[in-house]
Amino acid sequence: MKVGVEILDASELAPKDGAGACNAFVEVEFDGQKQRTPTKPADRSPQWNHTLVFDVRDPSRRPSLPVDHQPPQSVSAEQPDSRPPPAFPHGEAQAQAQPPPPESESKGKTTHDHEPPRVFRSVPVQAPAPAASQPRRATLHAVAAPPPPPGQTVVMPRPPGPAPGPPPSAFGLVETKPPLPAKMGPRAAVAAAAKIASTYDMVEPMSYLYVSVVKARDLPTMDITGALDPYVEVRLGNFKGVTRHLEKNPNPVWRQVFAFSRDHLQSSQLEVVVKDKDVLKDDFVGRVVFDMTDIPNRVPPDSPLAPQWYRLADRSGEKIRHGEIMLAVWNGTQADEAFPEAWHSDAHSVSLDSLASTRSKVYYSPKLIYLKVVAIAAQDLIPAEKGRPLAPSIVKIQLGGQTRRTRSQGSANPMWNEEFLFVAAEPFDEPLVVTVEERVAAGRDEPVGRVIIPVAAPYVPRNDLAKSIEAKWFSLSRALTADEAAAAEATKLKSSFASKIHLRLSLETAYHVLDESTHYSSDLQPAAKKLRKSPIGILELGILGARNLAGGKSPYCVAKYGAKWVRTRTLVGTAAPRWNEQYTWEVFDLCTVVTVAVFDNCHLTGGGDAKDQRIGKVRVRLSTLETERVYTHFYPLMTLTPGGLKKTGELHLAVRFTCTAWANMLAMYGKPLLPKMHYTHPISVLQMDYLRFQAMQMVAARLGRAEPPLHREVVEYMLDVDSHMFSLRRSKANFKRMTSLFSGAVAVARWMDGICKWKNPVTTILVHVLFLILVCYPELILPTVFLYLFVIGVWNYRRRPRKPAHMDTALSHAEAEQVHPDELDEEFDTFPTSKPGDVVRMRYDRLRSVAGRVQTVVGDLATQGERAQALLSWRDPRATSIFVLLSLIIAVVLYVTPFQVVAVVVGLYLLRHPRFRSKQPSVPFNFYKRLPAKSDVLL
């Protein structure tokens, strides 16, 4: 049997040194066994969250820890004792028990038979100490209780708190209250400022020991050859960091920083060892040892700690004659500027080549601009082969991997007048290649001439204000490559006569190049800087951690908002990482979305061909956030696979939006979502989808060239590159959204039907009264409507959402009871399909069935509209005659009758009692159903 004691935290401990701090730890002694928690240096409110486990040799005579919590009882098993519990010194808890009760006088019974077992109880403090010299304390007491079952391990319960609520949904949000400086009170925030910079108030402070290995000099040689290949090992307990070795260099320069998390400190000494790289066994050169209690603290914005020269010592501690190393050692937090580039202790198993891919980085998307090319005409085209007539010609326009073609024209002076848009990225590495080809046969085109144009000024002007750009004539060359064209230009090998092409080129910077879906875009600004709006606020995102992550054990996060991408460091060997990294963005539009995703870094062990595994993704719309409020929640991470929906963990985020321009923010709701150019010169939907795909590919290619690279699979997952593909599941989800959209109108119609049928006489009478008031005073109609909307909005305020919206599995039609496995298998199929023919045939038949139902619904809607057109089309002469005569009669009646009278008559007729109603359809309804439609003339 074992006993577990969980040490949680302490608060406001008395300082024990001149600096006003204390190095607190907890020591627990039980049955001759003594254990202690890790030391929390310079922390008067430490948090341990540490469990100590002791062996219980005799459960019948030794105390045990029950799971349930009871009020404090007496110290002795026989006599109650009202004395206050004894106090122990700060930072230390001890378990004490009273001696067993006296031996019983009954014969044949031993003390062991009469002695009841004892149990530890946690006694909370009832009131604060009366004096400042008496801190708050809690004591463990021994009381009588039945022993637990043999072999059971019991753990000390947590202090009593509010009763837990109902268990949350597996895919729901979980609100948390981490000790963030941004969520603390004023006094706590001041105390937190001593541990972490004010710009990092959205994350929990994390303490690190930083070791900066700068360089060494005058190192002694260890080999007979006199050569020295030095490197440095930084040791702290079981953790070890190693610099690269420099061949044959007695004065090496490393400039490398190591960071050791203070939560995993296993030693009271830091050892920096210089070694000589050798073939069989590395030689010891010298070392420097630091006592952990003597290492200074540094908090930004303090200047960096100046490195110092240290003499190397041998294994016994004696200083050697030659050799010094320059080091800087300090205690800091993740706010330190050395944190992003440091080698972290949790990545000790990562090779030096892969170390760069574990660090946190910030990336920026390339500046994307639409390039407009208008192929107008060509003159004096010459066939590719002499002696044959010119075949119909086309223009092929290429920009990198983007290719567009015009229609063919059969003339030596063809006219096309066709406009094309391409996506270009600054800096413009790829030139624009325009080729005129003649179509000599089906599938065979031969070039007639080519022009290669750099995508930059003065060749291609920028169009910031939708101005009219002048077209230019370009001479066509026979050169087939850019090098040949440059050589021809350099040597002036141009003839006096050449075919020409008329082009209009411009960089349309007044557009915004979409690389995300407009439904959850994070940037809506135009490409031209002078057309961009001023920021209205700041978005702060704290990536705190995650838990219960599925898949691999090297997780990292990627967040995107606007053109800025951030990547956290990779934490190796954990499914519950704690990043505690904070990032900020400028906000130009509230109707935008920030995207955060978690990946497993498979490139650490899988080689160059490996792909990072998706774990899950979270989106947060900024317009749903309250200003200045810090949202801290565990967001569920989900992945949809051919096998169904799976929960892959939970991501802990802290989000805050701060407004800096209230007037501009409120005025933003009345402005168009996209720049003005998208409305004055709109781009077609099909062309926009094509350009969006090209923009995604360009962003992925540019970010993949960074160091460390943000791989293509990561960028495509963040930008939802496959969101346009067909999915029967998404089709059902969108149909459900559409039906729920009209549910309010259906509910109003049902309520009105109940009013007309007098299902509730009191409500019907009140509606009659309201109707008559509005008819008599029509000027009250609009004020009443808007007052009703105001009351509904105020009434719903108390039921407003308290949590940010997250991925809705039911709305997405992704839960197991909503989607068939074959539908998911079809959704994840490749394009074109890779499934066998019988599966494709089955899916095609299913799609035909669904399309048939859609076709029927569309036909019914068309029928109703055609019947309305038939009222005056004289297709049915009798029906049209009746309608025309009735229209004349109604016009005369309405002219001579006051409007209030007509409205009262019509309203009372519609609200008449059911005994005055017929169960048959009304006359107008029957008349409308008999009108002809065009469905009878369809083949």
Using side-chain heavy atoms (C-beta onward) and a distance below 4.5 Å, is Thr639 in contact with Ile615?
no

Looking only at non-hydrogen atoms, find the nearest pair between Leu312 and Val285 and report the distance.
CD1-CG1, 4.4 Å

When every non-hydrogen atom of Ser357 is compared with those of Pro708, the smallest separation belongs to CA-CB, 3.8 Å

Can you name the side-chain hydrogen bond (donor to acceptor under 3.5 Å, both in side chains) partners of Tyr363, sequence neighbours left out?
none

Mind telling me whether Trp343 and Phe260 have parallel, tilted or perpendicular rings, with 30° and 60° as the class edges?
perpendicular

OG1 of Thr37 to CZ of Phe25, rounded to nearest 0.5 Å, is 7.5 Å

Any pair with a residue in residues 650-665 that passes salt bridge (charged side-chain N to carboxylate O under 4.0 Å, His left out), sequence neighbours left out, goes on the list, sorted by first then second residue, please.
Asp201-Arg656, Glu540-Arg656, Arg547-Glu650, Lys647-Glu650

For Arg705, the side chain to side chain contact (heavy atoms under 4.5 Å, CB included) test, sequence neighbours excluded, returns Asp429, Arg702

Checking Phe634, Trp579, Tyr631 against His652 for ring pair (Phe, Tyr, Trp, His ring centres under 6.0 Å), the one that qualifies is Phe634

Report the residues that fulfil side chain to side chain contact (heavy atoms under 4.5 Å, CB included) with Lys611, sequence neighbours left out, ordered by chain and then residue number.
Glu713

Heavy atoms of Gly562 and Asp523 approach each other most closely as CA-CB, 3.7 Å

Taking only residues two or more places apart in sequence or in another chain, which ones pass side-chain hydrogen bond (donor to acceptor under 3.5 Å, both in side chains) with Arg629?
none

Rounded to the nearest 0.5 Å, the SG atom of Cys557 sits from the OH atom of Tyr583 at a distance of 9.5 Å

With sequence neighbours excluded, give me every salt bridge (charged side-chain N to carboxylate O under 4.0 Å, His left out) pair touching residues 568-595.
Glu204-Arg578, Asp263-Arg578, Arg569-Glu581

Side chain to side chain donor-acceptor pair (under 3.5 Å), that's the test. Do Tyr561 and Thr592 meet it? Break it down for me.
CA-CA 8 Å; Tyr561 184 76; Thr592 48; 2.6 Å; yes

My understanding is that only residues two or more places apart in sequence, or in another chain, count here; which of them pass ring pair (Phe, Tyr, Trp, His ring centres under 6.0 Å) with His633?
none

Between His711 and His603, how do the two ring planes meet: parallel, tilted or perpendicular, split at 30° and 60°?
parallel

Output all residues satisfying side chain to side chain contact (heavy atoms under 4.5 Å, CB included) with Val289, sequence neighbours left out; order by chain, then residue number.
Gln269, Glu271, Arg287

Applying side chain to side chain contact (heavy atoms under 4.5 Å, CB included) to Ala338 and not counting sequence neighbours gives Tyr210, Val257, Trp330, Asp336

Among residues at least two apart in sequence or on other chains, which ones pass side-chain hydrogen bond (donor to acceptor under 3.5 Å, both in side chains) with Asp294?
none

Set of salt bridge (charged side-chain N to carboxylate O under 4.0 Å, His left out) partners for Glu716, sequence neighbours left out
Arg712

Test side-chain hydrogen bond (donor to acceptor under 3.5 Å, both in side chains) applied to Lys560 - qualifying residues, sequence neighbours left out
Glu516, Ser522

